[in-house]
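Each remark here refers to the structure printed beneath this line.
Predicted, not measured: the structure shown is a model, and the values here were computed from it.
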Amino acid sequence: MHEQTKYLKSCLVIASGNVGKIYEFRRLLADFPLTIHGQPEGLHVEETGNTFLENARLKALAVANATGKCSLADDSGLSVDHLAGAPGVHSARYASTDEGRISRLLREMETCKNRSAHFSSAICIASPNNEILLEVEGRCEGLITNKPRGSKGFGYDPIFEVLDTGLTFAEMGIEKKQLLSHRGRAFALLKPGLTNLLQL
Ligand code: IMP
């Protein structure tokens, strides 16, 4: 058996402390014969990359190294056209809470007519011997709403209306979000490689 496949057979650690993200990955990975773990408490990885992919690699490699198990990391964020792509890779650091991040973004967009934005997700799976096994990127186009709508999901979900749906991520069920979202689209690209790695 290939060394990486052996590591992956045992389990996959999701390199994130974000409860919303871990929930989505547990669902996306439900059909794979993998035991899913969250990353160990207290482990913090500095996101020093300039792109989503660089940060996903950093997180996956660091967590695989720390745990001795294969790790899947997602680096994601919201890029707003009017703000020249901000908050982008700084989406998590835009303010200290989801409410704070949403208020800041709506404030900065107050008088703005161009509401175009997109979510990006880079997913990377790394092995404990410092190898990148798989990496993909997905994107979802939409608009920043004038005020929050809906109560599902996490993060910026209540103020991101998915193009051609009339619904924010927070107004749709998880199935619909996973079909249309940046993370769902990235995961669809990851699936064949993961199936192959697991020799399914
Ligand atoms: P990361 O954990 O460094 O990738 O940070 C991602 C940031 O973007 C966090 O602030 C998340 O709340 C936000 N984010 C990423 N994906 C989503 C999503 O699907 N919905 C809403 N916010 C998201």
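Taking the six-membered ring for Trp and thresholds of 30 and 60 degrees, Phe119 and His182 have nearly parallel ring planes, at less than 30 degrees apart.
Between Ile144 and His82, every side-chain heavy-atom pair lies at or beyond the 4.5 Å cut-off.
Residues Ile22 and Ile123 share a hydrophobic cluster, clusters being chains of Ile/Leu/Val/Met/Phe/Trp/Tyr side chains in contact below 4.5 Å. By the rule that hydrophobic residues join a cluster once side-chain heavy atoms approach within less than 4.5 Å of another member, Leu133 and Phe25 end up as members of one cluster. By the rule that hydrophobic residues join a cluster once side-chain heavy atoms approach within less than 4.5 Å of another member, Leu61 and Ile125 end up as members of separate clusters. Residues Val136 and Leu28 fall within the same hydrophobic cluster, defined by Ile, Leu, Val, Met, Phe, Trp and Tyr side chains chained together at heavy-atom separations under 4.5 Å. If you chain together hydrophobic residues whose side chains sit under 4.5 Å apart, Leu29 and Leu134 fall into the same group.
Side chain of Arg104 to main chain of Ala95: no donor-acceptor pair is present (N/O by atom type, distance under 3.5 Å, no hydrogens or angles).
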Cut-off 3.5 Å, no hydrogens considered: what does the side-chain donor-acceptor table look like for residues 43-54, sequence neighbours left out?
residue, atom, partner, partner atom, Å
Glu47, OE2, Lys59, NZ, 3.3
Thr51, OG1, Glu54, N, 3.0
Glu54, OE1, Asn50, N, 2.9

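Shown here for Pro87 and Leu105, the closest heavy-atom pair between the two residues is CD-CD1, 4.3 Å. A pairwise comparison of heavy atoms in His118 and Phe160 identifies CA-CE1, 4.1 Å as the closest pair. Ser181 and Cys140 get closest at one heavy-atom pair: C-CB, 4.0 Å. Counting all heavy atoms, side chain and backbone alike, Ser91 lies closest to Leu78 at OG-N, 2.9 Å. Of all heavy-atom pairs between Ala126 and Ala64, the closest is O-CB, 3.8 Å. The shortest non-hydrogen separation linking Ala60 to Ser71 is O-CB, 3.5 Å.
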If you apply the rule side chain to side chain contact (heavy atoms under 4.5 Å, CB included), what do you find for Arg149 with Ile159, and how did you get there?
CA-CA 6 Å; Arg149 295 193 334 242; Ile159 58 163; over 6 Å; no
I would like to know whether Asn130 and Asn65 meet side chain to side chain contact (heavy atoms under 4.5 Å, CB included); could you show each step before the answer?
CA-CA 7 Å; Asn130 253 352; Asn65 230 303; 3.3 Å; yes
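Rounded to the nearest 0.5 angstrom, Glu108 CD and Ser103 OG are separated by 11.0 Å. We find the SG-CG distance between Cys70 and Leu197 to be 8.0 Å, quoted to the nearest 0.5 Å. Once rounded to the nearest 0.5 Å, the distance linking NZ of Lys147 with CD1 of Ile102 reads 13.5 Å. For the atom pair OH of Tyr156 and CG of Leu106, the computed distance is 10.5 Å after rounding to the nearest 0.5 Å. Separating the CD1 atom in Ile14 from the CD atom in Glu24 is a distance of 11.5 Å, to the nearest 0.5 Å. Here Leu179 contributes atom CG and Met172 contributes atom CE; the two are 9.5 Å apart, rounded to the nearest 0.5 Å.
Salt-bridge check for Arg115 with Glu161: failed, with every basic side-chain N at 4.0 Å or more from each acidic carboxylate O.
For Ser76, the side-chain hydrogen bond (donor to acceptor under 3.5 Å, both in side chains) partners two or more places apart in sequence, or in a different chain, are Asp74, Arg183.
Judged by distance alone, the side chains of Asn114 and Ser116 do bring a donor and an acceptor atom under 3.5 Å apart.
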